[in-house]
Amino acid sequence: MTSGTLITVAPTGAEHAKSDVPNLPVTLEELVAEAVACEAAGAAMIHVHIRGADTKPTLDLRRLKDTVAALRERTNLVVQLSTGGAVTDLEDHRLRVLEAMPDSASCTMGTVNFGDDVFMNRWEFVVELHKRMQERRIVPEYEIFDIGQLASLRRLLDRHGLPAGGHVHVDLVMGVPGGMPGDPETLVAALRAIPSGATFSATGIGRTSLPVMLASLSAGGHLRVGMEDTVSYARGERVRDNAQLVSRAAELASVAQRPPLSADEARTLIGVAQSN
Ligand code: KMH
Ligand code: ZN
């Protein structure tokens with residue numbers, strides 16, 4: 001079991017509308033301010049989806065590059081860009097995200113029903129993402145929405161080799177309507193299928209956030225929290241900001257005797273080169 005806990009914050013996502021969630025960080029200034037506060041609260045990595053001037057999700061390369069630069073300038077966080085984007089994003093736009101040269105990028109291991117939509121991840125597309133990340137020395141985080149996607153991950157590694165950095169890190173995204181449920185039984189079942197030597201984090205969507213967090217901690221896993229995944233803090237109480245979610249995760253990790261890792265410790269854990 002790792003002695004510390006990697007806490008990733010996913011502050012924005014592509015699903016919530018700013019009009020429904022006014023405190024969602026959508027401008028670069030809002031995102032950087034949240035990132036600074038989340039690092040102070042115990043986050044070591046940030047999973048980034050960006051928005052355009054209209055507050056809608058975008059994969060605009062110039063904006064992505066500016067975002068990576070601003071986060072590097074103002075924080076020491078490991079910067080992970082989403083290649084998942086929104087369910088409407090085209091494959092070539094999702095692949096182009098890598099041109100922004102983040103430290104890490106997400107790589108979802110299969111297609112999944114996603115509420116009323118479909119989050120499409122064809123095998124050939126996943127292979128292309130994996131290979132391009134190998135070439136660019138970008139460390140993937142393999143996003144797992146259903147247990148069968150772990151079999152696909154093992155197949156990917158068998159056929160195409162280890163990722164940049166040589167370490168495999170998985171994020172279990174649990175409780176998406178259409179994906180695996182967010183409960184301890186499913187988390188334990190997923191762990192049986194994880195490639196040997198891999199580390200994992202877990203996040204539960206919506207009301208599964210707390211059960212998944214507690215289950216992951218007790219199973220030796222790491223944590224992802226943030227307004228991408230939940231906008232309620234407790235029953236009847238909206239999230240104030242992302243740092244509130246990170247603070248609670250950091251407290252629980254400390255209670256579990258696995259306090260938050262620093263960003264540099266996180267780099268060592270998942271195989272990202274140290275920043276200068
Ligand atoms: N927004 C979802 C369709 C990722 O960031 O890689 C996909 C997602 C996964 O959030
Ligand atoms: Zn995401």
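Both ligands and their constituent atoms are indexed starting at 1 by order of listing.
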(request) Measure the distance from atom 5 (O) of ligand 1 to every protein heavy atom, then report the residue, atom name and distance (to 0.1 Å) of the closest one. (result) Ser82 OG, 2.6 Å

(request) Would you name the heavy atoms of Met213 and Val225 that are closest together and state the gap between them? (result) SD-CG1, 4.1 Å

(request) Pull out every atom of ligand 1 sitting under 4.0 Å from any heavy atom of His47, numbered as shown with elements. (result) 4 (C), 5 (O)

(message) Whether the side chain of His169 engages the backbone of Val139 through a donor-acceptor N/O pair (distance < 3.5 Å, no angle test) should be reported.
(response) no

(message) Whether Arg248 engages the ring of Tyr233 as a cation-pi pair (distance to the six-membered ring centre under 6.0 angstrom, angle to the ring normal within 45°) should be assessed.
(response) yes

(message) Just by distance, no angles: are the side chains of Asn121 and Thr111 close enough, under 3.5 Å, to form a donor-acceptor pair?
(response) no

(request) Identify, by atom number and element, the atoms of ligand 1 in contact range of Glu15, meaning under 4.0 Å from any of its heavy atoms. (result) 1 (N), 2 (C), 3 (C)

(request) Give the single entry among Ala105, Pro57, Ser106 that approaches atom 6 (O) of ligand 1 most closely by any heavy atom. (result) Ser106

(message) I'd like to check which ligand 1 atoms, numbered from 1 as shown, lie under 4.0 Å from a non-hydrogen atom of Gly84.
(response) 4 (C), 6 (O)

(message) Give me the residue, atom name and distance of the protein heavy atom closest to atom 10 (O) of ligand 1.
(response) Glu228 OE2, 3.0 Å

(request) Identify the two heavy atoms, one from Leu6 and one from Ala266, that lie closest to each other, and give their separation to 0.1 Å. (result) CD1-CB, 3.7 Å

(request) Determine, for Asp66 against Arg62, whether the closest basic-nitrogen to carboxylate-oxygen distance falls under 4.0 angstrom. (result) yes

(request) Output yes when Glu91 and Arg122 qualify as a salt bridge under the 4.0 Å nitrogen-oxygen rule, no when they do not. (result) yes

(message) Tell me the angle that NE2 of His49 and NE2 of His47 form around the Zn ion (ligand 2), rounded to 10°.
(response) 100°

(message) At less than 2.8 Å, would any N/O/S atom of Glu228, backbone or side chain, sit next to the Zn ion (ligand 2)?
(response) yes

(message) Give me the residue, atom name and distance of the protein heavy atom closest to atom 1 (N) of ligand 1.
(response) Gly85 O, 2.7 Å

(message) Under 3.5 Å between any N/O of Glu143 and any N/O of ligand 1: does that happen in this structure?
(response) no

